[in-house]
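Structure record follows, encoded as structure tokens.
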Amino acid sequence: MSISEMITSRDNSSLKLARRVREGKEEGLIFVEGVRLAEEALRSGVCIRDAFFSEQSLEDKRIGILLSQFEDAKIVSQKAFDSLVD
């Protein structure tokens, strides 16, 4: 696992794309939110383009295990992360 970047701005282009996907404005992409759904997506073998984790979630052991399964992950400040999730 490597952390490709730390995102602190809600105006980050990766977050903007993720929000468009979540809102159904990007064809051919789906938005998966939550630990259980992320675990299921990994098990199913689907191609995961981006994985976002909040700074605070890194303290959770289950999140740490999930994070270790991604080759490339983005860590997001809580303020920016809140703009991404429901």
Side-chain angles (χ1 to χ4, degrees):
M1 181 267 322
S2 71
I3 296 172
S4 66
E5 64 183 294
M6 169 62 151
I7 299 172
T8 58
S9 171
R10 57 177 276 124
D11 293 326
N12 175 278
S13 61
S14 294
L15 288 182
K16 285 182 176 181
L17 173 62
R19 284 192 297 269
R20 286 194 311 273
V21 171
R22 184 191 68 208
E23 295 164 0
K25 296 178 181 176
E26 291 289 327
E27 299 242 352
L29 299 173
I30 61 168
F31 184 85
V32 173
E33 182 177 346
V35 176
R36 185 180 58 78
L37 292 177
E39 290 168 339
E40 289 179 18
L42 281 169
R43 277 194 299 274
S44 74
V46 298
C47 176
I48 298 176
R49 177 182 170 144
D50 290 308
F52 301 95
F53 295 85
S54 71
E55 280 181 294
Q56 287 79 358
S57 72
L58 301 179
E59 298 172 10
D60 183 289
K61 186 175 183 176
R62 189 172 170 201
I63 298 273
I65 292 168
L66 181 62
L67 181 64
S68 71
Q69 296 179 53
F70 288 97
E71 188 174 307
D72 186 27
K74 294 172 176 60
I75 306 302
V76 183
S77 70
Q78 192 61 51
K79 184 177 178 180
F81 192 78
D82 289 345
S83 76
L84 182 61
V85 297
D86 282 336

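Counting begins at 1 with the first residue of the sequence.
Inter-residue side-chain proximity for Met6 and Glu55 is flagged as met; some heavy-atom pair is nearer than 4.5 Å. Taking 4.5 Å as the limit, every side-chain heavy atom of Lys25 sits out of range of all side-chain heavy atoms of Arg19. The shortest side-chain heavy-atom distance between Ile63 and Ser57 falls under the 4.5 Å cut-off. No side-chain heavy atom of Ile7 sits under 4.5 Å from any side-chain heavy atom of Ile75. Val76 has its side chain out of reach of Leu84: every pair of non-hydrogen atoms, C-beta onward, lies at least 4.5 Å apart.
Of the inter-residue distances, the one linking Asp11 atom CG with Ser13 atom OG reads 10.5 Å to the nearest 0.5 angstrom. Summarising the geometry, atom CD1 belonging to Ile48 is positioned 4.0 Å from atom CG belonging to Leu42; distances are rounded to the nearest 0.5 Å. Taking OG1 of Thr8 as the start and CD of Gln78 as the end, the distance is 13.5 Å to the nearest 0.5 Å. Remark: Leu66 CG to Arg36 CZ distance equals 13.0 Å, nearest 0.5 Å. A distance of 8.0 Å separates CG of Leu15 from OG of Ser9, quoted to the nearest 0.5 Å.
Under the 4.5 Å side-chain heavy-atom criterion for Ile, Leu, Val, Met, Phe, Trp and Tyr, Val85 and Ile30 are members of distinct hydrophobic clusters. When hydrophobic clusters are built by joining Ile, Leu, Val, Met, Phe, Trp and Tyr residues whose side-chain heavy atoms come closer than 4.5 Å, directly or via intermediates, Val32 is not grouped with Phe81. No continuous path of ILVMFWY side-chain contacts below 4.5 Å connects Leu37 to Val35, so the two sit in separate hydrophobic clusters.
Within 6.0 Å of CD on Glu23 lie more than 12 heavy atoms contributed by other residues, nucleotides or ligands.
The two residues Ser14 and Lys74 come nearest to each other via the heavy atoms OG-CE, 3.6 Å.
The side chain to side chain contact (heavy atoms under 4.5 Å, CB included) test applied to Glu26 returns Leu17, Arg20, Val21, Leu29, not counting sequence neighbours. By the ring-ring contact (aromatic ring centres under 6.0 Å, His included) test, Phe53 pairs with Phe70, sequence neighbours left out.
Under the 4.0 Å criterion applied to side-chain N and carboxylate O atoms, Arg62 and Glu39 are assigned as salt-bridge partners.
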